[in-house]
Number of protein chains: 2
Amino acid sequence: MPSAPQTARAAARAELTRAILDRAGEQLAETGPAALSVRAVARDLGMASSAVYRYFPSRDVLLTALLVEAYDDLGAAVEAGDGAARPRDLRGRWRGIAHALRTWAHEHPHRYALAYGSPVPGYAAPGDTVQPATRVPFALLGLVRDAQVTGRTPVQGLRVPAAEKASVARVSAFTTPALTPAYTVRALMAWQTLFGAVSLELFGHMAEAVLDPAAHYAQVVDQLAADLGLS
Amino acid sequence: MPSAPQTARAAARAELTRAILDRAGEQLAETGPAALSVRAVARDLGMASSAVYRYFPSRDVLLTALLVEAYDDLGAAVEAGDGAARPRDLRGRWRGIAHALRTWAHEHPHRYALAYGSPVPGYAAPGDTVQPATRVPFALLGLVRDAQVTGRTPVQGLRVPAAEKASVARVSAFTTPALTPAYTVRALMAWQTLFGAVSLELFGHMAEAVLDPAAHYAQVVDQLAADLGLS
DNA sequence: CAAAAACAAGAGCACTGCTCTCGACTGTTG
DNA sequence: CAACAGTCGAGAGCAGTGCTCTTGTTTTTG
């Protein structure tokens, strides 16, 4: 167990680490990932830029820390959306998940872009980002699993060839009991559609097409619920 | 009509403009949009960086030119994929469109990211990018229109409320004859799913989940064809 | 042929990520 | 208690960026 002075020192370090993260997060929210500047963060905190490098060895590491926080924050929001409906109300839970995703994306567009937009050049997401990134898909898969165990089936399931079954086997095995191939494919498609709808809208590709994005998203969400057999 | 010297001068200018675009395109393919450097392009072309600014007034304008080229190139690829199948073979055309999209994205990941990834910080796509960006959705809508005129219907069409009909009316009216609300929503969903599937895979969000991305994409494409009533 | 416009080059400004060195301070240990 | 090792903050500095301004040259135009 560390002695008291050491703890005080560690606490001060944690405090400053937190302050750097907070200020970097604000800057991220204001101007986006690529414009995040270590020097600007240092300026705002009244310290030399070189001092920041004692806490984050590079800009990419700082960005990664923000990325992990974003994944966790979004994951928590989606899980809350899932939990807002009664467990048996599958469509309600689905709507909760889907609309939590879109709402969070609109509230934190730059963090969403950081997490799901094009990867920053030359930046490869390190391993510690994988786990927090799985929270959203996990919530979705848990819901589909519940639909499956209550005996529902997705509409017009296409025959899933053996090769594809094997390809998505890891996803199927994420839940207990495992998902059927048909449900696994439908769940992946639903996730792709949600992500596509949110991203296209957020990145401005739907502005010319859809007048009321929220209403359209609701329609898509409900149609996906029907396709998943949740209604 | 311009005189001969003027034409020669204009031709030289067009040539150099083209050379800058080509070199910038290579750099884009190598290191991605955010790493594109006007100075590096100038170096490679053996000219001063300030000279490049006579041809492109800012880095963003240069990036926009590359963006327009990317949209056009992808649009042409998708239209070729559409035209590869017999006009009456709706599912073949659908597969051609969908796989042309994914193939192009994998051949030009950075250009795809430039077009459909998170917008570069502080960069708003100007109006001249809108028209070329519409080629892909147009190809898709044309196909759905053909499906509609041959009397097919999407599976399990959800009731489309009047508000949503109005919201997507602009999309419906893109084709002649106009799309029904049910088909319009299904077409938008198909586009969102395709885009989501390609982006998630390309940006590395599926690596942990799907072993054979090409096979999975093919499965998704065929399921979407079924949902659209193309089979 | 002279005026005007277009052009390429260079210097320079303000900014970035990052490294290195320096002195000051803290906590541990002999 | 004193010496030592480790941490910390600050500053200078390097190499790079987008972009502007000036200077001199070339080309086109009236």
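Labels below follow one simple rule: chain letters A, B, ... track the order of the sequence lines, proteins then strands, and each chain is numbered from 1.
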Under 6.0 Å between ring centres, would you say that holds for B:Y116 and A:F203?
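No, the ring centres sit 6.0 Å or more apart.
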
Enumerate the salt bridge (Lys or Arg N to Asp or Glu O under 4.0 Å) contacts for residues 33-48 of chain A, please, sequence neighbours excluded, ordered by first and then second residue.
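Sorted result for residues 33-48 of chain A: A:R23-A:D44.
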
Identify, with sequence neighbours excluded, every residue that meets salt bridge (Lys or Arg N to Asp or Glu O under 4.0 Å) alongside A:E79.
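Partners of A:E79 by the salt bridge (Lys or Arg N to Asp or Glu O under 4.0 Å) criterion, ordered by chain and then number, come out as A:R135.
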
Under the salt bridge (Lys or Arg N to Asp or Glu O under 4.0 Å) rule, collect the residues that match up with B:R102, sequence neighbours excluded.
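Partners of B:R102 under the salt bridge (Lys or Arg N to Asp or Glu O under 4.0 Å) test: B:E201.
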
A:L66 side chain near A:L36 side chain, heavy-atom distance below 4.5 Å:
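Counting from C-beta outward, A:L66 and A:L36 do come under 4.5 Å.
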
Heavy-atom protein contacts under 4.0 Å, nucleotides 12-23 of chain C, coded B base, S sugar-phosphate only, - none
B---BBBBB---

Residue pair A:S199 / A:Y112, side-chain donor-acceptor N/O under 3.5 Å:
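Looking only at side-chain atoms, A:Y112 and A:S199 do form a donor-acceptor pair, the distance falling under 3.5 Å.
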
Please list, in numerical order, the residues of residues 20-30 of chain A that have a heavy atom closer than 4.0 Å to any atom of DNA chain C.
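By residue number: none to list.
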
In whole Å, I'd like the distance from the [atom1] atom of [X] to the [atom2] atom of [N].
{"X": "B:L45", "N": "C:dA9", "atom1": "CG", "atom2": "C1'", "result": "15 Å"}
{"X": "B:L16", "N": "C:dA6", "atom1": "CG", "atom2": "P", "result": "16 Å"}
{"X": "B:F56", "N": "D:dT20", "atom1": "CZ", "atom2": "P", "result": "16 Å"}

Strictly distance-based, threshold 3.5 Å: is any side-chain N or O of A:T175 a donor or acceptor partner for the main-chain N or O of A:L141?
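Flag not set: sc A:T175 to bb A:L141 has no pair under 3.5 Å.
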
Please, which pairs that meet side-chain hydrogen bond (donor to acceptor under 3.5 Å, both in side chains) have at least one residue in residues 202-215 of chain A, sequence neighbours excluded?
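Those involving residues 202-215 of chain A do not exist here.
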
